[in-house]
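On a predicted model such as this, the values are computed, not experimentally measured, just so you know.
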Amino acid sequence: MTRKLRMGMIGGGKDAFIGAIHRIAANMDGLIELTAGALSINNDVAVESGKMLFLDPERTYLDFKTMLENEAKMPADKRLDFVTIVTPNFAHFEPAMMALDLGFNVVIEKPITFSLDEAKQLKAKVEATGLTLLLTHTYTGYPMVKQARQMVKDGALGKIRKVWVEYPQGWLSKLSEREGNAQAAWRTDPKKSGKSGCMGDIGTHAANLAEYISGAKIEKLCADLNIMVPGRALDDDGAVLLRFDNGAAGVLMASQVAAGEENALKIRVYGEKGGLEWAQHEPNTLLVKWLDKPTEIYRAGGGYNFQSSYMTHNTRTPGGHPEGYLEAFGNLYRNFAQTLSAKIDGVQPSPESLDFPGTEEGVRGMAFIDNVVRSSQSDAKWTNFEI
């Protein structure tokens, strides 16, 4: 490629947390430039956000349909390469389908859609068009998560037997959705968020990480969802027993009423020979635990001989410099951009560049939500993982 990829953004105007995160991630490697945007359903906010981001006024739009239609007519040297969608869950599907129909690749915030049926339709559309979609399951972008996955894949731990994953937060310990918290308001609204609150928001991250590192797929589950804050419409806490297609058992916990917790995502994976432990609060460290020798501490950076190519591809700094949430997000965008650029150039992307979540993970995430809710509402509890 002799130029940057051109990005359009839907949603993510000023004061929108996740939109700013996406822009930082896209800018991190100098491969992408924000070229157009329909940044808010509020016209004044859309225009002001475009000015703040120095967008061409003619490419600052008041609605996504006008943006996609106009951008599709642009000449090849100005046309968008992809569209990033950072709206609430209920507003993912329509712009994503329209973008794909008009020939734009897509980046989309998770969960991929509002419903499982929409996710299936979107997956079919991506396959039919041959275009590329990135689903931003951020935690798969961490270097030591890549290392953990590769060690499991290489058989270092032997046959995997047990997976524990937990994601406690405390920010919804009060009825914040009725106290002016916009992020809480849409996430706890079934019309905007979907049929699950906590499990849809962060439980899907935990399930995705469990499958990503273990290399196994959830095939049965037994769920217990709770509404701990009186007056809330969707679950804010839950636990799920898991069974994987490789015979492993698992436990998943997600809560947004764990008072005092921030984003304490943690996963442990155990096999016949040893185990792995990774926590987002200490992202540069991977604990490797052995049956017959002391625990080893693996650290990102430093050129150690244990490092996989997937880890080094996603490591940005020398050892001792923490690589966190923004860098992991940036890794997803970089891998997506490298894949897209390779396709434009007519060459095969590297396996490391192709390692990012897409529609398969999106469909499984929506199926996880459906099956967890169905299990929690069932007297039988144990539920086959149906897609």
Side-chain angles (χ1 to χ4, degrees), residues 15-22 25 86 88-89 109-112 135-142 144-145 163-190 192-213 221 223-242 250-268 277-283 285 322 324-329 332 357 365-366 368-369 372-373 376:
D15 302 326
F17 160 72
I18 204 65
I21 296 296
H22 276 260
V86 289
N89 304 358
E109 184 56 35
K110 54 66 51 195
I112 194 168
L135 178 67
T136 53
H137 269 299
T138 317
Y139 308 108
T140 64
Y142 281 96
M144 298 314 281
V145 168
V163 179
W164 269 286
V165 61
E166 60 186 61
Y167 199 156
Q169 296 177 337
W171 74 290
L172 289 179
S173 293
K174 300 189 298 181
L175 202 62
S176 303
E177 57 267 41
R178 299 187 189 174
E179 299 174 352
N181 187 322
Q183 293 292 326
W186 77 259
R187 281 180 169 83
T188 57
D189 182 350
K192 295 181 178 180
S193 185
K195 63 177 62 176
S196 175
C198 176
M199 278 296 163
D201 189 18
I202 61 174
T204 49
H205 272 310
N208 172 258
L209 192 64
E211 291 194 339
Y212 182 76
I213 291 179
L221 54 79
D224 178 39
L225 302 186
N226 306 296
I227 298 175
M228 292 298 189
V229 177
R232 181 159 287 153
L234 290 172
D235 57 280
D236 51 23
D237 173 83
V240 190
L241 297 176
L242 306 170
V251 180
L252 184 154
M253 183 277 282
S255 181
Q256 293 175 313
V257 294
E261 293 288 357
E262 297 173 329
N263 282 278
L265 176 62
K266 181 178 181 179
I267 186 167
R268 288 169 286 175
E277 180 176 326
W278 179 82
Q280 196 203 195
H281 281 183
E282 189 65 42
T285 298
Y325 182 76
L326 294 176
E327 289 83 0
F329 225 117
L332 297 187
M366 295 310 301
F368 174 78
I369 294 169
V372 162
V373 171
S376 185

field: Trace of the side-chain contact (heavy atoms from CB on, under 4.5 Å) decision for H205 with L265
entry: CA-CA 9 Å; H205 272 310; L265 176 62; 5.5 Å; no
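- Judged by distance alone, the side chain of W164 and the main-chain N or O of I267 form no donor-acceptor pair under 3.5 Å.
- The line from CD of Q183 to CG of L172 is 10.5 Å long, rounded to the nearest 0.5 Å.
- Residues L332 and P357 share a closest heavy-atom pair of CD2-CD, 3.9 Å.
- I202 CD1 to Q169 CD: the interatomic distance, rounded to the nearest 0.5 Å, is 4.0 Å.
- Just one residue in the list T188, D237, D201 forms a side-chain hydrogen bond (donor to acceptor under 3.5 Å, both in side chains) with Q256, and that residue is D201.
- The distance from the CE atom of M144 to the CD atom of E277 is 12.5 Å, given to the nearest 0.5 Å.
- Of the inter-residue distances, the one linking L135 atom CG with K110 atom NZ reads 8.5 Å to the nearest 0.5 angstrom.
- Using cut-offs of 30° and 60° on the angle between ring planes, the pair F329 and Y325 is perpendicular.
- Judged by distance alone, the side chain of R187 and the main-chain N or O of K192 form no donor-acceptor pair under 3.5 Å.
- Here K266 contributes atom NZ and N263 contributes atom CG; the two are 15.5 Å apart, rounded to the nearest 0.5 Å.
- S376 places a side-chain N or O within 3.5 Å of a backbone atom of L225 that can act as its donor or acceptor partner.
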- prompt: How far apart are the C-alpha atoms of I18 and E109, what are their side-chain angles, what is the distance that settles it, and do they pass the side-chain contact (heavy atoms from CB on, under 4.5 Å) test?
  reply: CA-CA 9 Å; I18 204 65; E109 184 56 35; 3.6 Å; yes
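- Heavy atoms from other residues, nucleotides or ligands lying under 6.0 Å from CH2 of W171 number more than 12.
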